[in-house]
Each structure stands twice: as structure tokens, then as C-alpha cells.
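See structure below.
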Amino acid sequence: MRALPLPGHPLLTCSAIRSLEARGLAATPEGTLMARAADAVADACASPLRTLPARTPVLALAGPGNNGGDALLAALRLAERGWSVHAIALPAARPRAADAARARDAWDAGGRPLDGPDALERLLADRPLVVDGCFGIGLARPLPEPVAAIARRVAELGLAVVAVDVPSGLDADRGAVVGGAAATAFRADLTVTMIADKPGLHTGAGAAL
């Protein structure tokens, strides 16, 4: 799927987006921006879920930052709508960011297991819709293992992927895979980008990812 610029929306660099995000966080109650992001991701997931086989589950891949929190909260929203949801934490440690930590607490409060990468093959067996919340625009190094291995396995199986903000592993400014051609990035069927559109979603490898 090729990314198209949003009409009337400028392409902003990561530094500009971080500045806007900081202003938004300062002007809203705690958790507001993450809740909005989760709502947007859950709404976006509803469309591909309607085209996938009945009872297709959702698998949220939750990285250590706010993208992971977005993915977990989006999965909880989908669970409230009746979808079967699962999540893998990458890594297992509780996130340091306050909003992401609150999202982890909300997931835990629901009584659902938060699996590790060792559960991947079991959870992929049902061919879930994958929510990529591993890493966002702050990634400055190649995807670490086992995240890169998960990206390769998801691509190998041809599973539908909804990315939170940017496909994990993509440089949102340049449209290149972080770490070069030998590195790995997720390929998303749909990307729900936050705050502003990014040039890297429309150039280089980003146009295909």
C-alpha cells in the first residue's frame, strides 16, 4: 500500500513534531493524547478487521515507549467492542514513560496476560491483525532482536499490519530503514500517524512500508 500525503496537512520533521507534542502534553490532562491516539488506532483497525475472516484476533506489539502504550490501549478499546485481543511486551519490563506505564497498568487491570516473544508462534497461529507499537519516531538504531525477527516473521506470513505513528524501523524524516538496507522494518498495510504527517512516509523505502 502506497502512502499518500494528507490533503491540507504539511509534512513536518520529527523535531517539529516533538515540539508540538510537548505543547500538547503541557496543555492537556495526563493521558489525553495517548487516549486520543488509542481511539484513532482502534477505529482504524475496525476497517481491516471487517475484511478479514470472522473471529480474527488482534495482536498488539507493545514496545517500551508511548507507541507501545498506544497499542495496548487500542487493543483494550477493541476488546470492549468484542474482538479477541492479545499483546506481546517488548521488553517485559514496565515502561518508564508515565503515559506508557499507565497503559500497561490498564492492560494488567483487565486480567489479560501480557506475553513475551516466546509466545509469538502460538499467537501468530490464528493469523491475527498485528498492531505495530514497537517503536516510533525516536528510534535511532536498527530494530533490536527479537523485534526485527518478529517483523520478518509477520512479513513472511503475510499478516495484516496496522502501524502506530510510523512502521517500526522507519526513519520518519528520511524514509530510509534505520540501520541501512541490511536492517529490518515493519511493512504496514495501514499507518495511523499522529500529530502531523511525516516526509519519511512518502519517500524512499517509507513509501512502500
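For this chain, numbers begin at 1 and follow the sequence in order.
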Show the numbers, then the answer: is there a side-chain hydrogen bond (donor to acceptor under 3.5 Å, both in side chains) between Ser84 and Arg55?
CA-CA 7 Å; Ser84 174; Arg55 295 185 293 278; over 6 Å; no
Going by atom types alone, do Thr13 and Ser15 pair a side-chain donor with an acceptor below 3.5 Å?
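Yes - a donor-acceptor pair under 3.5 Å links their side chains.
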Within the structure provided, determine whether [X] and [Y] are in side-chain contact (heavy-atom separation under 4.5 Å).
X	Y	value
Met34	Arg102	no
Leu72	Leu114	yes
Asp197	His202	yes
Leu59	Leu124	yes
His86	Pro57	yes
Pro117	Leu90	yes
Leu78	Leu49	yes
Leu123	Pro128	no

Rounded to the nearest 0.5 Å, how far apart are [atom1] of [X] and [atom2] of [Y]?
X	Y	atom1	atom2	result
Arg94	Asp105	CZ	CG	4.0 Å
Glu21	Met194	CD	CE	10.5 Å
Leu25	Leu33	CG	CG	4.5 Å
Thr56	Arg50	OG1	CZ	13.5 Å

Hey, does the side chain of [X] reach the backbone of [Y] with a donor-acceptor pair shorter than 3.5 angstrom?
X	Y	answer
Trp107	Pro113	yes
Thr32	Thr28	no
Ser168	Phe135	yes
Ser47	Ala44	no
Glu145	Ala149	yes
Arg18	Ile137	yes

Decide whether [X] and [Y] are clustered together by the hydrophobic rule: side chain heavy atoms of Ile, Leu, Val, Met, Phe, Trp, Tyr closer than 4.5 Å, transitively.
X	Y	answer
Leu73	Leu190	yes
Leu129	Val154	no
Leu52	Trp83	yes
Val164	Leu201	yes
Val166	Leu143	no

With salt bridge (Lys or Arg N to Asp or Glu O under 4.0 Å) as the test, would you mind laying out the steps for Asp70 and Arg36 before giving the verdict?
CA-CA 9 Å; Asp70 295 341; Arg36 291 175 182 170; over 6 Å; no
Write down the atom of [X], the atom of [Y], and the distance for their closest heavy-atom approach.
X	Y	result
Asn66	Ala97	OD1-CB, 3.6 Å
Pro95	Pro64	CB-O, 3.5 Å
Pro167	Ala188	CG-CB, 4.1 Å
Val85	Ala79	CG2-CB, 3.7 Å
Gly136	Asn67	CA-ND2, 3.5 Å

Is the shortest distance from a Lys or Arg side-chain nitrogen in Arg77 or Glu80 to a carboxylate oxygen in the other one below 4.0 Å?
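Answer for the salt bridge query: no.
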Would you call Arg104-Asp99 a salt bridge at under 4.0 Å N-O?
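No, this pair does not count.
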Mind jotting down which residue pairs meet the salt bridge (Lys or Arg N to Asp or Glu O under 4.0 Å) criterion with at least one end in residues 198-209? Sequence neighbours excluded, please.
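Only Asp165-Lys198 qualify under salt bridge (Lys or Arg N to Asp or Glu O under 4.0 Å).
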Residue pairs, two or more places apart or on separate chains, that pass salt bridge (Lys or Arg N to Asp or Glu O under 4.0 Å) and touch residues 122-137
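Counting only pairs at least two positions apart or across chains, the salt bridge (Lys or Arg N to Asp or Glu O under 4.0 Å) contacts touching residues 122-137 are Asp115-Arg122.
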Under the salt bridge (charged side-chain N to carboxylate O under 4.0 Å, His left out) test, which residues partner Arg174, sequence neighbours left out?
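Salt bridge (charged side-chain N to carboxylate O under 4.0 Å, His left out) list for Arg174, sorted by chain: Asp171.
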Criterion side-chain contact (heavy atoms from CB on, under 4.5 Å) on Val162 and Val192, from CA distance to verdict:
CA-CA 7 Å; Val162 174; Val192 186; 4.0 Å; yes
